Amino acid sequence: MKKNRGRTGRKRRRKHLKSFMDGVNCSHKLEYIKLQKWLKERGFEGTNLRPAEFWGTGRGLMATKALQAGDLVISLPEKCLLTTGTVLSSCLGGYIVKWKPRVSPLLALCTFLIAEKHAGEKSPWKPYLDVLPKTYTCPACLDHDVINVLPKPLKKKAQEQKMMIQELFRSSRAFFSSLQPLFAENTGTIFNYSALEWAWCTINTRTIYMKHPHRECFSLEPDVYALAPYLDFLNHSPNVQVKAAFNKQTRSYEIRTNSQCKKYQEVFICYGPHDNQRLLLEYGFVAMDNPHSSVYVSAETLLKYFSPLDKQRKAKVAILKDHDFLENLTFGWDGPSWRLLTALKVLSLGADDLCPGGQKEKRFPKGSRQGQRQWSGCKLEQHHHFVLCFSLESPSWLDIGMNSLRSHTELPFLSLFWEAARWFPHPRCFCCSLSSSSIPTEGVCCVQKPHIGHWV
Ligand SMILES: C[S@@+](CC[C@H](N)C(=O)[O-])C[C@H]1O[C@@H](n2cnc3c(N)ncnc32)[C@H](O)[C@@H]1O
């Protein structure tokens, strides 16, 4: 018998593979020892997690003890969090308060990170800054030739992200210059484009959501960021559930898991039910076996399949564009999304369907139901179409439709509505038509598949 082919050989290979998958402990490295010490000085009591390098996900946190659903994964004291409060109480605070136009919370945090990194040994945040990634893989950091090979819808978003950071840099230069009294070196050298790109990616990929009350010195953008050292080593898995929030009693940011985790396995949190496009855009990676995966269909691809000879093509495209229905059209595991279906249905409307006669357009008075455009007409004649009125913008389309229909006829609309809602499950559906022959006079409605008819 060949060596290693027996039970012992199999066991050994399994053990070897397992140790490879478990990840390599790196808590003995000097930068992590310094980080632990620094956190301890700020009240962090430690965890059953240690930094490790994992195959597939890179650096993350390994459980040193099995975790059960409901267990506390980490509790990070307020003193360890880096927020706009931290920035305002630093030497940057006075400059931010004085600066007009007001600085955004995001820019304040970026400025702080760049300034502290520049301070090197003198920065009280050095142990944290030393463990931050030096580079990122968000599309903003990708070369143009890499962006060019991305699928079209992603390419567009990647370019937008790049342009957004370029614009942030352009519009922040005067503010950066105003900080010159704080630095011996020229602020143009310190706050350069790549420093801002690094800071922006640090915040975009690593902050936890923590809502802070609006401060007068900041612009109106929401102040919802906090950098959470150590906790931000936790990688994402779409298949785990966690509860994360700031605990006002313990004055700590806490994460509890709803999933189990074996000893020496990687502990994950879930960043949100994001598809891989969103994960790549926001965090610079894609998840394997992502249940939220979807394929984006560009407007160009979609329109390729509709006849250029359709006289109403222009009008249909205009309607879709007006209501932002030419973007974020996707196929998921469950098939086409409701947005994609809607766009397809509108583009497939027959010549008579687009501008039906017999309905009146009613403008609601200002203030009522956001003054949206809605149809109030309800035509119910034998063999004719009967229009269900849904609001385009309002999530409570059901009662709007119900009311407008009730005032016109006495049919059992509720069941009819529910039936229609099954076909158009999203609350922002608009308007479909049903043949009057399929409407029962009483009892539960058994509508055949309604066809979407009239766009409002
Ligand atoms: C909050 S940090 C998590 C810790 C990070 N791995 C580190 O070394 O600092 C978020 C970043 O981790 C990486 N990441 C998170 N989850 C991942 C996963 N499932 N697979 C690959 N990379 C992941 C991405 O680069 C992401 O931008």
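The structure presented is a predicted model; accordingly, all values stated were derived computationally and were not measured. Whatever order the structure lists them in is the order used to number ligands and atoms, beginning at 1.
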Item to check | Lys/Arg cation over aromatic Phe54: Arg59, 6.0 Å, 45° cone | outcome: no
Checklist entry - Are Glu327 and Arg339 within salt-bridge range, i.e. N to O under 4.0 Å? => result no
Next on the checklist: Using a 4.0 Å cut-off on heavy atoms, what residues surround ligand 1? Order them by chain and number.
Outcome noted: Gly56, Thr57, Arg59, Thr205, Arg206, Asp232, Phe233, Leu234, Asn235, His236, Tyr271, Tyr283, Phe285
Checklist entry - Has Arg42 got its NZ or CZ under 6.0 Å from the middle of the six-membered ring of Trp125, at an angle within 45 degrees of the ring axis? => result yes
Checklist entry - Taking only residues two or more places apart in sequence, or in another chain, which ones meet Lys321 in a salt bridge (Lys or Arg N to Asp or Glu O under 4.0 Å)? => result none
Checklist entry - With a distance cut-off below 6.0 Å to the six-membered ring centre and an angular limit of 45° from the axis, does Lys98 pair with Tyr95 as a cation-pi contact? => result yes
Checklist entry - Is Arg170 paired with Glu167 through a side-chain N to carboxylate O contact shorter than 4.0 Å? => result yes
